[in-house]
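When reading the values below, keep in mind they use all heavy atoms of this one structure, side chains included, and skip hydrogens, waters and symmetry mates.
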Amino acid sequence: WYTWPLMLRPIFYWQGPDLGAAGRAYVYLLGNPLLYLLGTISMLGLIISIIWLTLKGKFFSLLRNQSTLFLIVCGFLVNFLPFIFIGRVMFLYHYESALVFSIIAIAYILEKIPSKKTRVALVITVIAFSFAVFVFFSPLTYGTLLTDNALHARMWLNSWR
């Protein structure tokens with residue numbers, strides 16, 4: 001469970017036959033590393049802000065005025081924390097429900113940026129980079145042929161092999 005928020009271990013499903021120079025196909029359950037990282041950072045930021053407001057004695061004010069913030073964090077925790085206490089083998093797909101809330105946290109934080117120009121620029125940047133990272137890693141999701149060099153370029157962490 002502790003490897004999920006940063007996608008430290010994808011699930012390797014299948015490897016096709018070696019087609020020589022054409023390469024080989026692979027299928028992984030591999031999320032978008034950019035969204036996983038931004039989602040984890042965003043969720044940590046929201047959790048820290050709730051803790052900070054609680055320590056300042058503004059918890060009930062938080063519930064009244066920042067109910068969206070509270071809903072996002074509670075939704076994430078309800079979908080993530082129970083897996084900490086499960087002793088059996090679990091996989092990355094168990095994190096998918098909590099991942100939805102971490103992606104909503106990204107949008108929530110971007111929406112709080114006061115300058116409209118900056119906010120729009122950051123939203124476009126996050127969407128563009130997320131799409132580019134998706135396209136880059138999609139051969140691993142869809143089993144497209146990859147050469148050894150192309151596969152190696154997509155294995156950003158040693159734990160992904």
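Atom CZ of Phe70 is separated from atom CG of Leu53 by 11.5 Å, given to the nearest 0.5 angstrom. For the atom pair Gln15 CD and Tyr28 OH, the distance stands at 8.0 Å (nearest 0.5 Å). Atoms OH and CZ, on Tyr108 and Phe101 in that order, are 14.5 Å from each other to the nearest 0.5 Å. One distance of note links CD1 of Ile11 with CG of Leu29; it measures 4.5 Å at 0.5 Å rounding. One finds the CD1 atom of Ile104 at 8.0 Å from the CE atom of Met43 (value rounded to the nearest 0.5 Å). Between Tyr2 atom OH and Ile84 atom CD1 the span is 12.0 Å, to the nearest 0.5 Å.
A donor-acceptor distance shorter than 3.5 angstrom exists from the side chain of Ser138 to the backbone of Val135, with no hydrogens or angles considered.
For the pair Arg154 and Phe136, the cation sits on the ring face: its NZ or CZ lies under 6.0 Å from the ring centre, inside 45° of the axis.
Taking a 6.0 Å sphere around CG of Asp18, one finds it holds more than 12 heavy atoms contributed by other residues, nucleotides or ligands. No more than 12 heavy-atom neighbours from other residues, nucleotides or ligands sit within 6.0 angstrom of CZ on Arg9.
Among residues at least two apart or in separate chains, side chain to side chain donor-acceptor pair (under 3.5 Å) pairs with a member in residues 92-101 are Tyr36-Glu96. Within the structure, the side chain to side chain donor-acceptor pair (under 3.5 Å) test picks out the following pairs touching residues 116-128 (sequence neighbours left out): Ser115-Thr118.
Side-chain heavy atoms closer than 4.5 Å link hydrophobic residues (I, L, V, M, F, W, Y) into clusters, and following such links, possibly through other members, connects Leu38 to Ile127. Residues Ile106 and Leu77 fall within the same hydrophobic cluster, defined by Ile, Leu, Val, Met, Phe, Trp and Tyr side chains chained together at heavy-atom separations under 4.5 Å. Linking Ile, Leu, Val, Met, Phe, Trp and Tyr residues whenever their side-chain heavy atoms come within less than 4.5 Å places Leu6 and Trp156 in a single cluster. Connection of Val100 to Leu46 is established within a shared hydrophobic cluster, with ILVMFWY side chains joined at heavy-atom distances below 4.5 Å, either directly or through further cluster members. Note: the hydrophobic cluster containing Val78 does not contain Leu99 (ILVMFWY, side chain heavy atoms under 4.5 Å, direct or indirect links).
Annotation for Ala22 and Leu145: closest pair O-CB, 3.8 Å, computed over non-hydrogen atoms. Across Val133 and Pro33, no two heavy atoms sit closer than the pair CG1-CD, 3.6 Å. Closest approach of Ala150 to Leu146, counting heavy atoms only: CB-CD2, 3.8 Å. Here the closest non-hydrogen pair linking Pro5 and Phe80 is CG-CZ, 3.8 Å. When every heavy atom of Met7 is checked against every heavy atom of Leu30, the shortest pair comes out as CE-CD1, 3.7 Å. Residue Ala105 comes nearest to Ile72 through the heavy atom pair CB-CG2, 4.0 Å, listed as atom of the first residue, atom of the second, then distance.
Taking the six-membered ring where tryptophan is involved, the planes of Phe134 and Phe131 are tilted, since the angle between them lies from 30° to 60°. Classified by interplanar angle (parallel below 30°, tilted 30° to 60°, perpendicular above 60°), the ring pair Trp4/Phe83 is perpendicular.
As a member of the Ile/Leu/Val/Met/Phe/Trp/Tyr network built from side-chain separations under 4.5 Å, Ile124 groups with Val120.
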